[in-house]
Amino acid sequence: MASMEKRLQKELTALMKDPPTGVKVDAESIYKNLSEWIVDLDGAPGTLYAGEKMQLLFKFGSRYPFDSPQVMFVGPNIPVHPHVYSNGHICLSILTEDWSPALSVQAVCLSIVSMLSSCTEKKRPPDNAFYIKTCSKNPKKTRWWYHDDNV
């Protein structure tokens, strides 16, 4: 078994055994393909996203965990957030340049829940319309410009 598969099995076991509040792995999706996970997220109580149900798609390349996974929102409820584009792409530094092999799926999920929870106004990024017309389907190919740490 490749090191990527061992790592993913270990992370999957941990996440299914003791998931963070509001995070649930769609086990059926993983049984079909270990390198693509659907993770269900519930908006945290007391936030703008309370009661909302969202889904994340994780795609793992053969160099995971040394390369970050591709992570994006999918499904009918892409959250309206200043760092989430309407096509599901997420502008979050740990998904690209600040990635570390020490991070995990659980850590990424918690970072995204935290990002959503700290939001004070539901709105799309100012360049949303232009971005979704010109971007790659793979958000990891985007050269993100991280300019707003307040959301």
Charged N-O contact under 4.0 Å between Lys122 and Glu52 | yes
For residues 105-116, please give each side-chain donor-acceptor pair under 3.5 Å, one per line with the distance, not counting sequence neighbours.
unit_1: Ser111; atom_1: OG; unit_2: Ala107; atom_2: O; d: 3.1

Which residue pairs pass the ring pair (Phe, Tyr, Trp, His ring centres under 6.0 Å) test with at least one member in residues 4-35, sequence neighbours excluded?
->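 Sorted result for residues 4-35: empty, none.
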According to the interplanar angle, ranging from 0 to 90°, do the rings of Phe58 and Trp37 count as parallel (below 30°), tilted (30 to 60°) or perpendicular (above 60°)?
-> tilted
Could you list all the salt bridge (Lys or Arg N to Asp or Glu O under 4.0 Å) pairs where at least one residue sits in residues 25-46, not counting sequence neighbours?
->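 Counting only pairs at least two positions apart or across chains, the salt bridge (Lys or Arg N to Asp or Glu O under 4.0 Å) contacts touching residues 25-46 are Asp42-Lys53.
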Residue pairs fulfilling salt bridge (Lys or Arg N to Asp or Glu O under 4.0 Å) with at least one residue in residues 108-119, sequence neighbours excluded = none
Carefully, step by step, assess Val39 and Val71 under the rule side-chain contact (heavy atoms from CB on, under 4.5 Å).
-> CA-CA 10 Å; Val39 177; Val71 183; over 6 Å; no
Do we see a donor-acceptor contact under 3.5 Å between the side chains of Glu11 and Tyr64?
->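 Yes, Tyr64 and Glu11 have a side-chain donor paired with an acceptor closer than 3.5 Å.
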No-hydrogen, no-angle side-chain donor-acceptor test under 3.5 Å, Tyr131 and His89 | yes
Hey, could you give me the [atom1]/[atom2] distance between [X] and [Y], rounded to the nearest 0.5 Å?
| X | Y | atom1 | atom2 | value |
| --- | --- | --- | --- | --- |
| Cys135 | Asn87 | SG | CG | 4.5 Å |
| Ile30 | Gln9 | CD1 | CD | 9.0 Å |
| Met16 | Leu12 | CE | CG | 5.5 Å |
| Cys119 | His83 | SG | NE2 | 8.5 Å |
| Leu41 | Tyr49 | CG | OH | 12.5 Å |
| Leu48 | Ser117 | CG | OG | 9.5 Å |

Side chains of Tyr85 and Asp127 in contact at under 4.5 Å (non-hydrogen atoms) |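 They are in side-chain contact.
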Check: Arg124 and Ser86 side chains under 4.5 Å, non-hydrogen atoms | yes
Is a side-chain N or O of Trp99 found less than 3.5 angstrom from the main chain of Pro65, in a donor-acceptor match?
-> yes
When clusters are formed from ILVMFWY side-chain contacts under 4.5 Å, directly or step by step, what else is grouped with Val74?
->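 Members alongside Val74: Ile38, Leu57, Met72.
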In chain order, what residues pass the side-chain contact (heavy atoms from CB on, under 4.5 Å) check against Ser100, with sequence neighbours excluded?
-> Ala102, Leu103
Mind listing the closest non-hydrogen atom pair of Leu95 and Ser68 along with its distance?
->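 Here Leu95 and Ser68 meet closest at O-OG, 2.8 Å.
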Search all heavy atoms of Leu34 against all heavy atoms of Leu8 and return the closest pair with its distance.
-> O-CD1, 3.6 Å
